[in-house]
Amino acid sequence: MNVHEEIRRQLGAYLDNELTQGESQRVRVHLEDCPECRQVLEEMREVQRITASLKFVGPPEEVMQELESKLSVRVPRRLGWMLVIGGAAAWLLYAGVTALLHARMPTWKELIPGAVVVGFLLLFISILLERLAELPRDRYRRVKQ
């Protein structure tokens with residue numbers, strides 16, 4: 001690749017001030033001697049000016065909220081948590097009633113599912129407490145888009 005092609009490839013970075021000082025100086029010296037590259041740079045500047053003046057019109061807030069509710073994972077996630085917590089509460093209630101009615105210590109086969117349920121509940125409670133502690137410092141809590 002010759003110097004001319006190399007400079008051409010660097011014009012975008014030159015325009016965006018992304019080159020090192022040495023690279024930028026090399027491009028500037030080349031531009032002094034090359035009217036063709038100066039023309040390309042001016043065209044790139046014009047495109048940059050035009051695109052900078054364009055305004056992006058986003059959809060109305062109601063449309064964004066409707067789209068968010070359609071694509072949201074909140075409903076399935078909430079339903080999942082309700083089923084897990086409800087199932088765990090039902091199992092704990094069943095285990096407690098069974099232990100009281102039979103007046104005996106549960107066997108290890110009966111304790112393993114209970115340990116899994118209690119462990120899951122402890123993890124859930126720890127996550128819940130952590131989220132509640134972070135809530136006042138959450139910078140993104142009120143971000144809409």
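We number each residue from 1, following the sequence as shown. Everything numeric here is computed off the predicted structure, so don't read it as measured data.
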| What side chain to side chain donor-acceptor pair (under 3.5 Å) pairs are there with at least one residue in residues 10-19, not counting sequence neighbours? | Asp16-Gln48
| message | If we count only N and O atoms by modelled type, under 3.5 Å, do the side chains of Gln39 and Glu43 hold a donor and an acceptor together? | response | yes
| remark: Sorted by chain and residue number, the side-chain contact (heavy atoms from CB on, under 4.5 Å) partners of Glu42 (sequence neighbours excluded) come out as Arg45, Arg49
| field | Residues forming a side-chain contact (heavy atoms from CB on, under 4.5 Å) with Val63, sequence neighbours excluded | value | Pro59, Pro60
| said: Which residues end up grouped with Leu101 if you chain together Ile, Leu, Val, Met, Phe, Trp and Tyr wherever their side-chain heavy atoms are less than 4.5 Å apart? | reply: Leu93, Val97
| message | To the closest 0.5 Å, what do you measure between CD1 (Ile7) and CZ (Arg28)? | response | 11.5 Å
| said: Please report the interatomic distance CZ(Arg38) to CG(Leu11), rounded to the nearest 0.5 Å. | reply: 12.0 Å
| task | Could you list all the ring pair (Phe, Tyr, Trp, His ring centres under 6.0 Å) pairs where at least one residue sits in residues 20-47, not counting sequence neighbours? | result | His4-His30
| message | Just to verify, what does Glu130 make a side chain to side chain donor-acceptor pair (under 3.5 Å) with, not counting sequence neighbours? | response | none
| query | Where is the tightest heavy-atom contact between Glu23 and Thr20, given as atom of each residue plus distance? | reply | OE1-N, 3.0 Å
| said: Can a donor-acceptor pair be found, under 3.5 Å and without considering hydrogens, that links the side chain of Arg8 to the backbone of Cys37? | reply: no
| query | Can Ile85 be reached from Phe120 by stepping across I, L, V, M, F, W or Y side chains whose heavy atoms are under 4.5 Å apart? | reply | yes
